[in-house]
Asks: 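I'd like to ask some things about the structure below.
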Amino acid sequence: MAKMAFRLPPAASVIENPSPEQLKELAARMPNARPTRYGNLNVNTEVVNRLKRSTFIVTDEPDGQNQSISREDGLKVAEQQDAYIRDQDMVVIDGYIGNDPEFRTAARLYVEAANANIAGMQQQLYFDRDDEQFEPELTVIYTPNLKAKGGYPDDRLIAVDLEQGVTRVLNSDYFGESKKGGLRMWNKLVYDRGGIPLHAGCKIIPTERGKRVGLIVGLSGTGKTTTTFTRQNGSLPVQDDFVAWMADGRVFATENGCFAKTFGLNQKDEPTIHGAVTQPRSYLENVSQTGDDVDFYDTSYTKNGRATFPFDVIESAATRPIDDAHFLLILNRNQNIIPAVAKLEGPQAAAFFMLGETTGTSAGGAAEEGKFLRVPGTNPFFPLPHDLQGNRFLELLADNPLEVYLMNTGTVGGKAEDERSKKVRIPHSSAIVEGVAEGTITWERDDDFGYLVAADVPGIDREDLDVLQPRRLYEAQGRLDEYKALVERFHRERTEFLQDFPSLSDEIVAAVG
């Protein structure tokens, strides 16, 4: 039976698909919105990161992995929100997740006009609707000023009804819940169609052997956006946050803009992103501001300052079709023995994809920041059992071979404040991505983990070889026993972690032993 079309609850008034100019005018009226010297708006929100503790799948058949509430409780939430909306002024934003006519998803945001910045930011990320017969497949209903009844954490709730294709957000004014609300439901849609949703950036790099398409998988805040937008050989970003990798090898984009982290943003290291967020059409969120001047380094309010901008303010390849990808980078912001780059082979690639190891950032809130995490696929928005991610990745890799690399964007030899450690700097990472694309890295086998490590990367000086081969650093510092203990610990913990997924392929589990 076909799913019935979802109808929006009535409101006191509804502004349907206003222009960007109208939305900016509405947002400018918000008491927490301030104009900056760049001509854009900066909004301070009460909630400054996504609400993992308050996110629940609406189902009567919990999967044991995702938090859930019953359909009966989901109905109560819907009734509470619908009753509230009857007295509110609302805004509708329609558009597509994805641009390819063969694989795009009609999506809708329904949000309080009092929080018009959310509508303006989401409009920049949707691809434009181009027909009159628009019928959304996915809907986000967003009431930032309504507290959730029922004892939910901090009276905030993100209720995700995958069957109905509706996410309801209550009592959060953070834009990320709008963006992720649609993409979380889209994750299931991609899996159901035989592909895998990747929490990944995508870029096209020109090389002497032709254009190379790279996918960059990583948790928010680990360098995914920076890596995607760094211009090796005049490379062009295709996507910043999510792509679909399908069974036939094709890659499909999702968004027509970017939701970038602004902490530490500067023109020298990240000129493309800096230029995009310091122009009139961007929206800033929770960026430090004095007068009309913003400070991307001041974290007194939050480290999770953000900005949206449409891709048409930069040179990009967001609308180009991609028949296949050539390489995939798994970002890991590590602090000890992970090399700046390692080449993975076969089931080992699926294993490290499943491990999703990194150090958490402010994007995940205080519960994750600074802590060592394992997030399968580095995708905290996959709403199904994670076993499915690992197995599907291994299947697609067998049918559509591409090179897979583990890439550390943190430090080697200890935390950043440890004087014995070495930082993997942006120029290191850029040289690695260029070397991967051009095929100019010299590799050798690592006896401790079985993957390949770089013996030479063009653009990385010999004195920085320690970031490529951590064992050398530990040995030179007389810390070899510490290194060996870490090797043993990683082998043991990785195996135990993967064994906790009952349906995960034995090949994947064995690859880290």
Side-chain angles (χ1 to χ4, degrees), residues 8 11 13-45 89-99 104-132 134 136 138-142 144 173-183 237 239-241 253-260 262 272-287 289 292 294 305-316 318-319:
L8 293 177
S13 70
V14 178
I15 306 172
E16 294 197 21
N17 294 300
S19 69
E21 294 75 22
Q22 290 173 306
L23 283 173
K24 186 174 181 179
E25 184 179 334
L26 276 175
R29 301 174 192 170
M30 297 169 57
N32 53 337
R34 291 181 291 171
T36 79
R37 67 187 180 94
Y38 303 114
N40 55 17
L41 293 176
N42 182 23
V43 177
N44 271 27
T45 62
D89 300 318
M90 302 292 288
V91 175
V92 170
I93 301 295
D94 290 332
Y96 286 102
I97 297 174
N99 188 52
R104 64 182 184 181
T105 304
R108 171 171 286 166
L109 170 66
Y110 192 44
V111 63
E112 290 183 71
N115 300 82
N117 70 302
I118 294 175
M121 296 166 85
Q122 186 63 68
Q123 187 180 63
Q124 292 184 338
L125 302 193
Y126 282 155
F127 285 95
D128 292 339
R129 54 179 291 181
D130 55 5
D131 59 82
E132 294 299 319
F134 185 89
L138 304 176
T139 301
V140 176
I141 305 178
Y142 207 139
D173 56 352
Y174 176 62
F175 168 69
E177 299 298 357
S178 171
K179 168 185 164 67
K180 297 302 184 186
L183 288 171
Q239 201 64 193
D240 162 67
D241 199 32
T254 54
E255 296 181 307
N256 198 25
C258 177
F259 183 44
T262 59
T272 302
I273 302 173
H274 186 274
V277 306
T278 56
Q279 50 80 37
R281 291 175 59 195
S282 66
Y283 281 88
L284 304 183
E285 186 178 70
N286 299 321
V287 177
Q289 183 173 344
D292 65 355
V294 299
R306 293 279 180 164
T308 61
F309 59 86
F311 275 138
D312 63 12
V313 303
I314 65 171
E315 188 180 4
S316 78
T319 60

Asks: Using a 4.5 Å cut-off on heavy atoms from C-beta on, say whether the side chain of Pro20 contacts that of Arg281.
Replies: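 A side-chain contact under 4.5 Å is absent here.
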Asks: Side chains of Gln22 and Leu26, heavy atoms from C-beta outward: is any pair under 4.5 Å?
Replies: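 They are not in contact (no side-chain heavy atoms under 4.5 Å apart), so the answer is no.
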Asks: Is the closest side-chain heavy-atom distance between Leu138 and Thr105 below 4.5 Å?
Replies: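 With C-beta onward as the side chain, the pair touches.
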Asks: Does some side-chain heavy atom of Leu183 sit less than 4.5 Å from a side-chain heavy atom of Ile97?
Replies: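 A side-chain contact under 4.5 Å exists here.
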Asks: Any sub-3.5 Å donor-acceptor pair from Glu285's side-chain atoms to Gly176's backbone N or O?
Replies: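 Here the side-chain-to-backbone pair does not exist.
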Asks: Evaluate side chain to side chain contact (heavy atoms under 4.5 Å, CB included) for Lys179 paired with Glu255, printing each intermediate quantity in order.
Replies: CA-CA 10 Å; Lys179 168 185 164 67; Glu255 296 181 307; 2.6 Å; yes
Asks: To check you understand the geometry: which heavy-atom pair defines the closest contact between Ala11 and Met90, and what is its length?
Replies: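 Looking at all heavy atoms of both residues, the closest pair is CB-CG, 3.5 Å.
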Asks: Go through the side-chain N and O atoms of Asp94 and Asn17 and say whether any donor and acceptor fall under 3.5 Å apart.
Replies: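 Side-chain D/A pair, Asp94 to Asn17: present.
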Asks: Do Val91 and Pro18 have side chains that get closer than 4.5 Å, going by heavy atoms?
Replies: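 Heavy-atom side-chain distance check passes, below 4.5 Å.
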Asks: Should Gln239 and Thr254 be marked as a side chain to side chain donor-acceptor pair (under 3.5 Å) after you check the CA-CA gap, both sets of side-chain angles, and the distance that decides it?
Replies: CA-CA 7 Å; Gln239 201 64 193; Thr254 54; 2.8 Å; yes
Asks: Looking only at heavy atoms, what is the nearest atom pair of Lys24 and Pro280, with distance?
Replies: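 Between these two residues, the closest heavy atoms are NZ-O, 3.0 Å.
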Asks: Are the aromatic ring centres of Phe134 and Tyr96 under 6.0 angstrom apart?
Replies: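 When the ring centroids of Phe134 and Tyr96 are compared, they turn out to be within the sub-6.0 Å range.
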Asks: If you take all heavy atoms of Ala27 and Ala33, which pair is closest and at what distance?
Replies: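 Residues Ala27 and Ala33, closest heavy atoms: O-CB, 3.3 Å.
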Asks: If you measure from the Lys or Arg side-chain nitrogens to the Asp or Glu carboxylate oxygens, is any gap between Asp292 and Arg34 under 4.0 Å?
Replies: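 Salt bridge: no.
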Asks: Report yes if the side chains of Met30 and Val43 come closer than 4.5 Å at any heavy-atom pair, otherwise no.
Replies: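 Side-chain contact under 4.5 Å: yes.
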Asks: Phe259: what forms a ring pair (Phe, Tyr, Trp, His ring centres under 6.0 Å) with it, not counting sequence neighbours?
Replies: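 Phe259 satisfies ring pair (Phe, Tyr, Trp, His ring centres under 6.0 Å) with Phe175 only.
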Asks: Measure across Ser282 and Ala276 and return the closest heavy-atom pair with its distance rounded to 0.1 Å.
Replies: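 So the two residues come closest at CB-O, 3.6 Å.
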Asks: Can you check whether Ile141 reaches Thr139 side chain to side chain, under 4.5 Å on heavy atoms?
Replies: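 Contact flag for Ile141/Thr139 side chains = yes.
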Asks: Go through the steps to decide whether Thr319 and Asn99 satisfy the test side chain to side chain donor-acceptor pair (under 3.5 Å), and finish with yes or no.
Replies: CA-CA 6 Å; Thr319 60; Asn99 188 52; 4.9 Å; no
Asks: Determine whether Phe309 and Gln279 make a side-chain contact, defined as any pair of heavy atoms from C-beta on separated by less than 4.5 Å.
Replies: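 The answer is yes, as the side chains (C-beta and beyond) meet within the 4.5 Å cut-off.
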Asks: How far does CG of Leu41 sit from CG of Leu23, to the nearest 0.5 angstrom?
Replies: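 Here the interatomic distance stands at 11.0 Å.
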Asks: Distance check, rounded to the nearest 0.5 Å: Gln122 atom CD versus Arg108 atom CZ?
Replies: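 Reported to 0.5 Å precision, the distance equals 13.0 Å.
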Asks: Restricting to non-hydrogen atoms, name the atom on Ser316 and the atom on Phe311 that form the minimum distance, rounded to 0.1 Å.
Replies: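 The pair with the smallest heavy-atom distance is OG-CB, 3.6 Å.
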Asks: Just how far is it from atom CG of Asn32 to atom CG of Asn286, taken to the nearest 0.5 Å?
Replies: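 CG of Asn286 is found 9.0 Å from CG of Asn32.
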Asks: Out of curiosity, Glu25 CD to Ser19 OG, how far, rounded to the nearest 0.5 Å?
Replies: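 Going from the CD atom of Glu25 to the OG atom of Ser19 covers 8.5 Å.
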Asks: Any chance you could lay out the side chain to side chain contact (heavy atoms under 4.5 Å, CB included) test for Tyr283 and Arg306, step after step, and finish with the verdict?
Replies: CA-CA 8 Å; Tyr283 281 88; Arg306 293 279 180 164; over 6 Å; no
Asks: Which one of Leu125, Leu109, Ile15 satisfies the side chain to side chain contact (heavy atoms under 4.5 Å, CB included) criterion with Ile93?
Replies: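 Of all the options given, the one that passes is Leu109.
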Asks: Step by step, work out the side chain to side chain contact (heavy atoms under 4.5 Å, CB included) result for Ile118 and Tyr142.
Replies: CA-CA 9 Å; Ile118 294 175; Tyr142 207 139; 3.9 Å; yes
Asks: Once you round to the nearest 0.5 Å, how far does CG of Asn42 lie from CD of Gln289?
Replies: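 Separation between the atoms: 4.5 Å.
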Asks: Measure the spacing between OG1 of Thr45 and CG of Asp173 and express it to the nearest 0.5 Å.
Replies: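 Nearest 0.5 Å value for the OG1-CG distance: 4.5 Å.
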